[in-house]
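Since the structure comes first, as structure tokens, the remarks are kept for the end.
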Amino acid sequence: MLKHLLTSLALAGLVFSSPAQAETPQDGGTLKVGIASTNVTNGLDPHVLQGFYTEWVLGQVGEGLLNYDINLNLVPWLAKSWTISEDGLVYTFDLQEGVKFHNGREMTAEDVKFSIERILDPNTGSRRRVALEPVDHVEVIDNYTVALHLNAPFAPLLSNLAGVWAAIIPPESVNADGTITQPIGTGPFTYVEWVKNDHLTVSKFADYWQADAPHVDEIVFLPVSDDAARMTALRTGAVDIITSVPAQLLPSLLADTDRGFEIKAEQGNKWRIAIMNNAAAPFDNVLVRQAVDAALDREEIMLARTFGFGHVDNQTWDKNSFWRMDGPAPVRDLDRVKALLTEAGYPDGLPITIESRSTYLDDAQMVQAQLIEAGFDAKIEVSDWAALKERMKAGEYHMVISGAGWYADPDSRYGRFYVKSGPANYFAGGYENAEVEALIAQGRVESDAAARKAIYQKVFDIIQAEVPHSMLYFAPKTLAWRSDVKDFRTDREGNLANAEGGLAFVWLNR
Amino acid sequence: MLKFILRRLLQLVPVLLILSVLVFSLVHLVPGDPVDVLMGEGHTDPVVEAVLRAKYGLDQPIVVQYFTWLGNILTGDFGSSLYTKEPILDMIADRFPATLLLAFASAIVAIVISIPAGIVAALYRGSLLDFGAMGIALFGISVPNFWFGILLILFFSQMLGLLPSMGYVPFFEDPWTATKHLIMPALTLGTAMAANLTRLVRAEMIEQMSQEYVRTARAKGAPERIVIGLHVLKNAMIPTVTIIGLQFGGLLEGAVLTETIFAWPGIGKLAVTAVYERDYALIQGVVLFAALVYVAVSLLVDISYRFLDPRVKLN
């Protein structure tokens, strides 16, 4: 009953407001965006940025060769088209002409070469260097044509070139010491200033290459990490848009037609994860990992943590995605847990320690309760992220509850997690499987999408059986904005720099 | 007096040196690697990590790292933040005015509430007034700061729409708007401080009122106004000023929860984020700065004794 009620409320959330009427956008005004974090960004260098808020904020300033549309499909952006050579080794991009940087200079193929080489240079410190690693060299063909030469076919290349972290920037925006403190890009807004833990301001770029954007004169991003303070800021107009509406408030807010602001609560892409240390006892035993997987009631965790606004799934690809994999959803089966633990040599239960940082403590407590019920003797330890990451990389833990995000290409999703040398392998508990690695290597060089999908289906089946980690649930994506903020649309990621939505297209009806 | 101040400043040198060793070792002993945090969640890249470690000197032996840092500080270079790339002194200088303003305003709130309340409670000891003042003080001590702050926001911003719920405006830029932004954070911090102070003022007043000199003054026929207002109050103020000084010094190091709720760009939040990010140079810079401020405030407190109690000699 409760579940039904919550599901219908969640559906009500999907049809959040009356369809936008064709109103003529007005220009001008200052848009204030309250970000649910103590910092609106982690830095100013698009190539070394980290964290999705940073991506949204700096995404107003910098842009990549490609972008995502509202359904998270890749679309041409600073590159208007491209061709891929027969052998998959040369990607030739035709650039948009007449695209201006914020310093007034036109973007050319030389800037693309500079930007990609900067990401590839380890001295830049880009966390995404590995995502472009197969690029051997960049060739400038003419002002508006550039070719990327690869040393091996690399199917995820295009999706790895999308978005602000692969932004095309002018060399003159880089300081002598290689840092960036005044970012310059081709985006709809020009960087003005950032005071850490306080505000970041961008202003309208009059020469933006896209027609009819942007509309507002200025955007101020403000960190408002406290839930109550953020809601109040929205109600009182101290901010116009907020990210992350606290889930516990959603039922009453959605029921209140008089609330005076719009809310969007829909399926999100951020998932919670129970990471098990595959390299050490007791979780080096696949039976114990399977026991954990069978001990979890994901629906219950999701309901308690998101009030029914999240969802449970066995993969990151949603039902409409091309990459959607086939496979049964995991179910709770306490008899099976008992059998698995007995077979693994723990008939009288198994003591384990669950670690988490405070952000995911509530999730950890739900997991703890369910594991105890299933015969584990689970206790919780809380630490901060820096300490936890160090221990995870060193393999000194049992289980960690954390969060993970969405990846556009299956190579980013599977290759990053399930290859021993992959950048997110520690999020898969140090999982290592030669067969999986061979399949992923095959998927990387396969250019036919259907054939690739068949390869990843095999990877998916192995992962589902071997359970390097357990996927718990997906948190909802929530946003709220004042009713005079018009044409505000985002994708499932909630990205404020989306090709079809985002802040460039927002206008204020004041 | 000048000699006293000079000597105190000289004493500062060894204090800061010892502190620098302590801060440095503590920061480096805490588990967690700055480069790991810099790479972000779900990301590792041994190639880039090695380059970054070398770039920030993190591959050097810890003793070498300490002396490099100390050497730079002696030339006035506190380093720059791993994240903003800004010089650390600039970052502190940016936030200190906000912290100072909030600390001053909170101290004023605390003094305005606690001294009259403490005096009244002491004078009418055992009366309803006393119980009332002490009850409120106990409540003030027990109530968590952040909860009181949120209640203020709900009442003054959301229900009445009188005060802005967040943000900071420099005082000299626009005193009126600045004051409106300041009221709620200052009340939040000031009332918490007032609760302790009220109890202290009351206790000190009662203590002084039972002293011989009070009986002497009264026997000489001095009016009660003089006995209490001049003699008792002045003596009761000595420990009170010490506590105000200490608490004020504490406020200057930032009040993280209050800063977070009201989105106040103070030193506290800067320090806490720096710890989570393992931004070593920034943590060290902020702690050293906070220590300097604390020492300066204690010096001012010591000097003020001279005026409150003529028997105190500054040497």
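Computed over heavy atoms, backbone and side chain alike; hydrogens, waters and symmetry mates excluded. Naming: A, B, ... by sequence-line order, numbering from 1 per chain.
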Heavy-atom distance under 4.5 Å to chain B: side chain of [X], backbone, both or neither?
{"X": "A/Val130", "answer": "both"}
{"X": "A/Thr41", "answer": "neither"}
{"X": "A/Leu388", "answer": "neither"}
{"X": "A/Arg230", "answer": "neither"}
{"X": "A/Ala238", "answer": "side chain"}
{"X": "A/Arg391", "answer": "neither"}

Do other residues, nucleotides or ligands put more than 12 heavy atoms under 6.0 Å from A/Lys32 NZ?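 Incorrect, the count does not exceed 12.
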Just checking B/Tyr276: does its OH atom have more than 12 heavy atoms from other residues, nucleotides or ligands closer to it than 6.0 angstrom?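 12 or below, so no.
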Using the salt bridge (charged side-chain N to carboxylate O under 4.0 Å, His left out) rule, take A/Lys393 and B/Glu49 through it: C-alpha gap first, then chi angles, then the decisive distance, then the call. CA-CA 13 Å; A/Lys393 282 178 73 181; B/Glu49 284 166 30; 2.9 Å; yes
Could you tell me whether [X] and [Y] have their ring centroids closer than 6.0 angstrom?
{"X": "B/Phe289", "Y": "B/Phe78", "answer": "no"}
{"X": "B/Phe248", "Y": "B/Phe104", "answer": "yes"}
{"X": "A/His469", "Y": "A/Tyr426", "answer": "no"}

Can you tell me if A/Arg259 uses its side chain to pair, donor with acceptor, with the backbone of A/Leu253 under 3.5 Å?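 Between the backbone of A/Leu253 and the side chain of A/Arg259 there is a qualifying donor-acceptor contact (under 3.5 Å).
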Using modelled atom types and a 3.5 Å cut-off, is there a donor and acceptor pairing between side-chain atoms of A/Asp384 and backbone atoms of A/Ala387?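 Flag set: sc A/Asp384 to bb A/Ala387 pair under 3.5 Å.
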Residue [X] versus chain A: region with a heavy atom under 4.5 Å:
{"X": "B/Leu52", "value": "side chain"}
{"X": "B/Ser165", "value": "side chain"}
{"X": "B/Leu270", "value": "both"}
{"X": "B/Met166", "value": "side chain"}
{"X": "B/Leu154", "value": "side chain"}

Who wins among [options] for the most heavy-atom pairs under 4.5 Å with chain B?
{"options": "A/Asp121, A/Asn197, A/Asp198, A/Asp226", "answer": "A/Asn197"}
{"options": "A/Arg128, A/Met231, A/Met392, A/Arg235", "answer": "A/Arg235"}
{"options": "A/Thr236, A/Thr232, A/Ile180", "answer": "A/Thr232"}

Passing candidate, side chain to side chain contact (heavy atoms under 4.5 Å, CB included) with A/Trp194, options A/Thr201, A/Val40, A/Thr181: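 In the set A/Thr201, A/Val40, A/Thr181, the residue that makes a side chain to side chain contact (heavy atoms under 4.5 Å, CB included) with A/Trp194 is A/Val40.
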Does A/Arg413 count as lying over the ring of A/Phe417, i.e. NZ or CZ under 6.0 Å from the six-ring centre, within 45 degrees of the axis?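 Judged by the rule, A/Arg413 and A/Phe417 form a cation-pi pair.
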A/Asp177 side chain to A/Thr179 side chain, donor-acceptor N/O pair below 3.5 angstrom: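 Looking only at side-chain atoms, A/Thr179 and A/Asp177 do form a donor-acceptor pair, the distance falling under 3.5 Å.
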Give the member of [options] that has the highest number of heavy-atom pairs under 4.5 Å with chain A.
{"options": "B/Lys85, B/Arg278, B/Met91", "value": "B/Arg278"}
{"options": "B/Met39, B/Glu86, B/Lys55, B/Glu41", "value": "B/Glu41"}
{"options": "B/Ala54, B/Pro265, B/Ala263", "value": "B/Pro265"}

